[in-house]
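Everything below concerns the one structure shown next.
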Protein chains: 2
Amino acid sequence: MTSQDKTITPLRVASLASQVHDALTEMLLSGELRPDDRIPMRELAERLGVSVMPVRDAVARLVAQQALVVLPNRAVAVPLLTRGQFRDLTEVRVHNETHAAALAARHATPAQVAALRQADAAFAQALGAPDAKPSVRANKELHFLLYEAAGSAVLVEVIRALWLKAGPIINLDLEQDTRRRRTAVSRALHGQLVQAVEARDPQAAADAVEADIRSAAEFILSRDILPA
Amino acid sequence: MTSQDKTITPLRVASLASQVHDALTEMLLSGELRPDDRIPMRELAERLGVSVMPVRDAVARLVAQQALVVLPNRAVAVPLLTRGQFRDLTEVRVHNETHAAALAARHATPAQVAALRQADAAFAQALGAPDAKPSVRANKELHFLLYEAAGSAVLVEVIRALWLKAGPIINLDLEQDTRRRRTAVSRALHGQLVQAVEARDPQAAADAVEADIRSAAEFILSRDILPA
DNA sequence: TTGCCCTAACTGTGATCTCAGATCGCGCGC
DNA sequence: GCGCGCGATCTGAGATCACAGTTAGGGCAA
């Protein structure tokens with residue numbers, strides 16, 4: 001290594017607050033955090049081995065992203081949406097995620113299409129795992145590969161915030177059988193989605209995403225999970 | 001007042017962090033904060049008469065909302081968007097704000113329609129003021145009355161975050177003449193918008209909002225304000 | 001004059017403490 | 001048995017301090 005070597009990437013360590021934010025994000029998306037769960041900051045700080053400051057920062061971020069709410073007694077919690085609010089969230093997701101899917105069908109690079117195929121295969125494989133985490137993660141990865149292929153960073157951020165709100169509801173820990181029935185539907189729709197992108201068919205891509213979102217939402221709304 | 005009196009609203013004082021967040025939000029939306037402006041937290045804390053803690057919280061929120069960015073040297077700043085990024089932001093705004101306008105045209109209550117008329121009149125009046133603040137505020141109020149009439153709280157929050165990003169660019173302090181030319185266009189489009197809502201015409205409402213957003217964006221892009 | 005180095009000041013991040021409000025549990029009185 | 005009051009504990013918000021990285025300015029050498 002000489003002084004002419006320009007290939008060294010500058011090292012930037014993620015702040016503790018960012019790391020806490022990432023950890024909480026993962027807990028929201030995976031369903032580990034459930035609607036109405038409290039987030040006791042001192043306890044979480046102890047659990048993560050940091051002081052309360054980075055936890056506060058991370059929580060403040062997630063409150064701003066509407067992924068957490070401050071209750072009237074100042075407690076911070078995962079929002080418990082009413083059925084109506086969940087429907088609203090679903091509609092806004094459909095509106096933005098179908099748009100991203102259509103853009104992706106038009107703009108995806110060959111490498112992105114290949115990555116989508118791989119993600120589809122990975123999702124299928126994750127369905128065989130005994131616990132839900134691999135399939136939840138594989139589902140998220142496939143969707144975000146798709147949305148990133150839309151070529152709109154702003155749209156991806158909008159969708160990311162929506163997923164933070166939806167994650168605890170959609171990924172509630174279900175019994176194995178229920179989950180298997182649910183994800184078989186997604187499996188088929190993901191297949192159609194990837195085919196639509198390959199075929200450069202924006203309408204089919206949007207339709208597949210919409211069906212995926214709606215089937216997941218109808219499943220939640222068909223069960224007595226959310227208050228009226 | 002007796003012990004049977006149920007009309008007393010519980011008093012809840014906004015936290016200092018929330019107040020700082022509101023103050024910064026206003027500064028972003030009004031154009032007082034410009035792209036690439038730094039936000040020195042200690043200085044702002046002193047200026048607002050609080051310690052640095054609530055400023056940190058507020059800044060963390062706005063970073064999460066993408067309204068502020070953390071630079072590689074850790075400084076917090078108003079994002080300086082490239083022309084491409086601004087176009088992306090504009091497209092996502094069009095996609096969501098037209099949707100909200102169409103929903104509003106379908107769902108607005110008579111009271112909301114009346115409030116829109118009033119906001120239109122207030123905007124016209126604010127155009128006569130010698131400085132830009134009243135018209136910037138009146139513009140925002142009219143738009144958010146409209147979007148709230150859509151009946152989708154999630155959609156309003158998405159739009160709010162988009163406005164936080166767009167505010168510093170769109171509301172850059174302009175000379176009087178330039179601003180007058182700009183806002184005369186908005187004036188006409190706002191009129192069409194209110195008529196479309198009154199007429200329950202979703203397509204006309206969406207078209208008016210799109211034209212409003214695009215004309216403001218094209219104005220910015222036509223000037224050498226943003227980097228390529 | 002220019003470039004490099006050093007030092008002081010600035011700045012965000014994290015730690016810790018204090019305060020005030022909320023909650024919970026227990027005891028007492030009706 | 002139930003309700004109320006009190007005290008202890010918990011909890012988030014705010015203040016303050018320390019640390020480490022960054023920046024800017026000044027001085028010196030080539």
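Convention: sequence-line order gives letters A, B, ...; per-chain numbering from 1. Just the heavy atoms: all of them, side chains too, but no hydrogens, waters or symmetry mates, feed the values below. Worth saying up front: this structure is predicted, and the values here are computed from it rather than measured.
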Step-by-step side-chain contact (heavy atoms from CB on, under 4.5 Å) determination, A/Glu26 to A/His21: CA-CA 9 Å; A/Glu26 189 55 41; A/His21 180 261; over 6 Å; no
With a 4.0 Å limit, can you tell me whether B/Asn73 has a side-chain N or O closer than that to the phosphate oxygens OP1/OP2 of D/dT23? yes
Has A/Ser51 got a side-chain N or O lying under 4.0 Å from the OP1 or OP2 atom of C/dG14? no
Under 3.5 Å, is there a donor-acceptor pair linking the side chains of A/Ser152 and B/Asp88? yes
Any luck finding a side-chain donor-acceptor pair between B/Asp212 and B/His190 under 3.5 Å? yes
Rounded to whole angstrom units, what separation is found between the [atom1] atom of [X] and the [atom2] atom of [N]?
X	N	atom1	atom2	result
B/Met41	C/dG14	CE	C1'	12 Å
B/Leu71	D/dG21	CG	P	18 Å
B/Arg38	D/dT22	CZ	C1'	12 Å
B/Asp57	C/dT13	CG	P	12 Å
A/Gln19	C/dT13	CD	P	13 Å

Gap separating the CG atom of A/Leu80 from the CD1 atom of A/Ile225, nearest 0.5 angstrom: 11.0 Å
B/Arg83 atom CZ, neighbour heavy-atom count above 12 within 6.0 Å: yes
Which nucleotide in the set C/dG14, D/dA13, C/dT13 lies at the smallest distance from any side-chain heavy atom of A/Met53? C/dG14
Which atom pair, heavy atoms only, marks the closest approach of B/Asp37 to B/Glu32? OD2-O, 4.1 Å
Select base, sugar-phosphate, or nothing to describe what B/Leu44 touches, counting heavy atoms under 4.0 Å on all strands. nothing
Test for a donor-acceptor pair under 3.5 Å between the base of D/dG14 and the side chain of A/Arg56, counting only N and O atoms. yes
Restricting both atoms to N or O, compile the protein contacts to nucleotides 18-21 of chain C shorter than 3.5 Å, with distance only.
{"unit_1": "C/dT18", "atom_1": "O4", "unit_2": "A/Arg42", "atom_2": "NH2", "d": "3.3"}

